[in-house]
> 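Submitted below is the structure of interest, expressed as structure tokens.
Worth saying up front: this structure is predicted, and the values here are computed from it rather than measured. Here is how names work: the chains are called A, B, and so on, in the same order as the sequence lines, proteins then strands, and each is numbered from 1.
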There are 2 protein chains.
Amino acid sequence: MRKDAVQNRERLLQAARQLFADRGLDVPLDEIARAAGVSIGTLYNRFPTRDALVEAAFADRAATVTELAEHALAMDNPWEGFVAFLTGVCELQAADLGYNDLAARTAAVDGDRGYGLMREILERAQRGGELRADVTLTDMAFVVWGVAATVRATHKVAPGAWRRHLALALDGLHATAAHPLPIPPMSTAQTRAALRDC
Amino acid sequence: MRKDAVQNRERLLQAARQLFADRGLDVPLDEIARAAGVSIGTLYNRFPTRDALVEAAFADRAATVTELAEHALAMDNPWEGFVAFLTGVCELQAADLGYNDLAARTAAVDGDRGYGLMREILERAQRGGELRADVTLTDMAFVVWGVAATVRATHKVAPGAWRRHLALALDGLHATAAHPLPIPPMSTAQTRAALRDC
DNA sequence: CCTCAAGTTGAGAGGCCCCTCAAGTTAGCT
DNA sequence: AGCTAACTTGAGGGGCCTCTCAACTTGAGG
């Protein structure tokens, strides 16, 4: 790849990250091109689809989440690790409307990457006895969807409100709170499908 | 108003209710007109803005919610009343993607109407000791936003999944689950503003 | 310095949606 | 039956966004 192409790619990614962060994943692409000081044609040269751009813009996050997960597993108290992990992910969401949108389409079940770690975090916390035994990995989607919705609604007027939402959700996941759940968890296939359509 | 105008209004409302229910609040208006067998111009004659149409289409819901609230207050067990009310509202959301969208912009704090009843339901449940004492009316927005997000994501592939989400949320609202919350509740002004921008 | 593959450009076609308004139609009164 | 205010119509202008492609420019190897 020619070096000017590399540079343009980098500028596009930076502009995209900025605009995604400020306004969510559906910023017009021509605005990103303009912000990058590059023509719309170049944007399409470097990133043939919006998804390609989004993926490239947030490529680093997978590693970040993995770090969070490892850090969580390194904590002594399994429940606190669980809480720390979810809090960490939600902090990423709250800090970036683009990632907030993306997380809602990606949550939890992305078995491919470091998310296998999430299963460990969850199961360890269950073995520790503080996380209720009847929740599944797929239930984590509810947390992410919920917090994502709260972040979207409140980021302007009450940033940080999601922390209260998350705290309430976590209390609902604590073993001491457990009442029998009305229906079985979603299958991973269902969850995957649900994530797909936003 | 001329009787053909009345008839067209009615047809439009029916078409709108159907399409809103199936596809959410942002169906193209011309599609609604087409489904009603009427021109787009007529739609604009009857309903000058999208909001006017939405409001008319869901005018009955306020009464339904009030009924739910009264029914909840008539229950012996305050907590069960609280649960029944939230479940009822969420059932409305799950049954109609349009109302699901609308609820997310309307939740809880709409002091004007029968929602004053919601405050009663909540406070009664707190006095009863089963609803944690540190939650506020504004916290109900988290439940509605969360369930709305889950309904949107899962209605096709796992309808009913929201019941599990709601059950977990409710467990988090139960007094036995209460751990200190990290931040104070949103003010009603904040909540109102948050509801405004989606 | 020359060359050409690699890269850039931006106007424009196309899609979707909103909203208007001048021309045509009709209900319902007299 | 005639009249008029009320109503309907739908083509069309406008905005916004996506995506393409023929013409142009440039980096870098020889």
Side-chain angles (χ1 to χ4, degrees), chain A residues 1-59 97-102 104-105 152 196-198, chain B residues 1-58 97-98 100-102 104-105 152 196-198:
Chain A
M1 204 157 76
R2 247 164 59 176
K3 90 173 180 201
D4 55 339
V6 174
Q7 195 191 31
N8 284 336
R9 201 186 121 93
E10 218 45 55
R11 282 182 187 168
L12 281 165
L13 283 176
Q14 258 185 277
R17 278 193 266 258
Q18 181 69 54
L19 287 172
F20 285 155
D22 293 347
R23 318 225 316 253
L25 280 190
D26 42 9
V27 205
L29 292 178
D30 58 351
E31 225 174 306
I32 294 177
R34 208 173 321 129
V38 139
S39 87
I40 181 66
T42 296
L43 188 154
Y44 277 96
N45 274 348
R46 296 291 130 246
F47 304 100
T49 69
R50 183 185 217 90
D51 277 358
L53 177 56
V54 169
E55 195 178 353
F58 293 107
L97 288 184
Y99 186 69
N100 190 50
D101 290 352
L102 189 61
R105 296 175 194 168
R152 250 192 304 269
R196 240 181 272 291
D197 35 75
C198 208
Chain B
M1 201 157 75
R2 250 164 60 175
K3 91 176 178 198
D4 55 340
V6 174
Q7 196 191 32
N8 283 338
R9 199 187 121 93
E10 218 45 54
R11 282 182 186 167
L12 280 165
L13 283 176
Q14 261 185 275
R17 279 193 265 256
Q18 181 68 54
L19 287 172
F20 285 155
D22 293 347
R23 319 227 314 254
L25 280 191
D26 43 8
V27 204
L29 291 178
D30 58 352
E31 226 175 304
I32 294 177
R34 210 175 317 130
V38 137
S39 85
I40 180 69
T42 296
L43 188 153
Y44 276 97
N45 275 345
R46 298 291 130 241
F47 305 100
T49 67
R50 181 184 218 94
D51 277 358
L53 177 56
V54 169
E55 193 177 355
F58 293 107
L97 288 184
N100 190 52
D101 289 352
L102 190 59
R105 295 175 197 168
R152 251 193 302 269
R196 241 181 271 292
D197 36 73
C198 209

> Checking base pairs now: Watson-Crick or wobble, both atom distances under 3.5 Å. What partners D:dA28?
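When the pairing criteria are applied, C:dT3 turns out to be the nucleotide that pairs with D:dA28.
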
> In whole angstrom, what separates A:D4's CG from C:dA6's P?
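Interatomic distance, CG of A:D4 to P of C:dA6: 13 Å.
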
> Using atom CZ of A:R34 as one end and atom C1' of C:dT8 as the other, report the distance to the nearest whole Å.
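Going from CZ in A:R34 over to C1' in C:dT8 covers 17 Å.
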
> Choose from D:dT20, D:dT9, C:dC19 the nucleotide whose nearest atom is closest to any side-chain atom of A:Y44.
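Of all the options, the side chain of A:Y44 is nearest to D:dT20.
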
> Which residue, B:V27 or B:G41, contacts DNA chain C at a nucleotide closer to its 5' end, judged by nearest heavy atom?
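By nearest-heavy-atom nucleotide position, the 5'-most residue is B:V27.
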
> What's the closest nucleotide to the B:P28 side chain, out of C:dC17, C:dG28, D:dC17?
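In terms of side-chain proximity for B:P28, the closest of C:dC17, C:dG28, D:dC17 is C:dC17.
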
> Please report the distance, rounded to the nearest Å, between CG in A:L43 and C1' in C:dG7.
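In whole Å, C:dG7 C1' and A:L43 CG are 14 Å from each other.
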
> Determine the interplanar angle of the A:F58 and A:F20 rings, folded into 0 to 90°, and report it as parallel if under 30°, tilted if 30 to 60°, perpendicular if over 60°.
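Parallel.
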
> Report the distance from atom CD1 of B:I32 to atom P of C:dC16, rounded to the nearest whole Å.
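So the two atoms are 17 Å apart, to the nearest Å.
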
> When we call it a touch if two heavy atoms are under 4.0 Å apart, what does B:R46 touch: a base, just sugar-phosphate, or nothing?
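Here B:R46 touches the backbone only, sparing every base.
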
> How close or far is atom C1' of D:dG27 from atom CG of A:N8, stated in whole angstroms?
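Between C1' of D:dG27 and CG of A:N8: 12 Å.
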
> Is the shortest side-chain N/O distance from A:T42 to OP1 or OP2 of C:dG7 below 4.0 Å?
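So the side-chain polar atoms of A:T42 never come under 4.0 Å of the phosphate oxygens OP1 or OP2 of C:dG7.
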
> To the nearest angstrom, how far is B:D26 atom CG from C:dC16 atom P?
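The answer, rounded to whole Å, is 15 Å.
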
> At under 4.0 Å between heavy atoms, what does A:N45 touch on the DNA or RNA strands: base, sugar-phosphate, or nothing?
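Base, at least one base atom sits under 4.0 Å.
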
> Nearest to the side chain of A:V38, which nucleotide is it out of C:dT9, D:dT8, C:dC18?
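It is C:dT9.
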
> For the atom pair CZ (B:R17) and CG (B:L53), what is the distance rounded to the nearest 0.5 Å?
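So the CZ of B:R17 and the CG of B:L53 are separated by 9.5 Å.
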
> Determine the contact category for A:I40: base if any of its heavy atoms lies under 4.0 Å from a base atom, sugar-phosphate if only primed atoms, P, OP1 or OP2 are that close, otherwise nothing.
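Result for A:I40 = base.
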
> Would you say B:R50 places a side-chain N or O within less than 4.0 Å of OP1 or OP2 belonging to C:dC19?
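For C:dC19, OP1/OP2 do not have a side-chain N/O of B:R50 under 4.0 Å.
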
> Apply side chain to side chain contact (heavy atoms under 4.5 Å, CB included) to residues B:K3 and B:Q7 and explain how you reach the verdict.
CA-CA 6 Å; B:K3 91 176 178 198; B:Q7 196 191 32; over 6 Å; no

> Give the rounded distance in Å between these two atoms: NZ of B:K3 and P of C:dC29.
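That distance rounds to 11 Å.
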
> Working to the nearest 0.5 angstrom, can you tell me the gap between A:N45 CG and A:R9 CZ?
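CZ of A:R9 is found 12.5 Å from CG of A:N45.
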
> Check the distance between D:dT9's C1' and B:D30's CG and give it to me in whole angstrom.
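Taking atom C1' of D:dT9 as the reference, CG of B:D30 is at 14 Å.
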
> Using a heavy-atom cut-off of under 4.0 Å over every strand shown, decide if A:R9 touches base, sugar-phosphate, or nothing.
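Touches nothing.
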
> Does C:dT8 have OP1 or OP2 under 4.0 Å away from a side-chain N or O of A:R2?
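False: A:R2 side-chain N/O out of range (4.0 Å or more) of C:dT8 OP1/OP2.
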
> Decide, yes or no, whether a salt bridge links B:D101 with B:R152 under the criterion of side-chain N to carboxylate O below 4.0 Å.
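Salt bridge: yes.
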
> Does D:dT8 have OP1 or OP2 under 4.0 Å away from a side-chain N or O of B:S39?
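No, B:S39 has no side-chain N/O under 4.0 Å of OP1/OP2 on D:dT8.
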
> How close do A:A33 and A:L12 get, counting heavy atoms only, and between which atoms?
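Looks like CA-CD2, 4.1 Å.
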
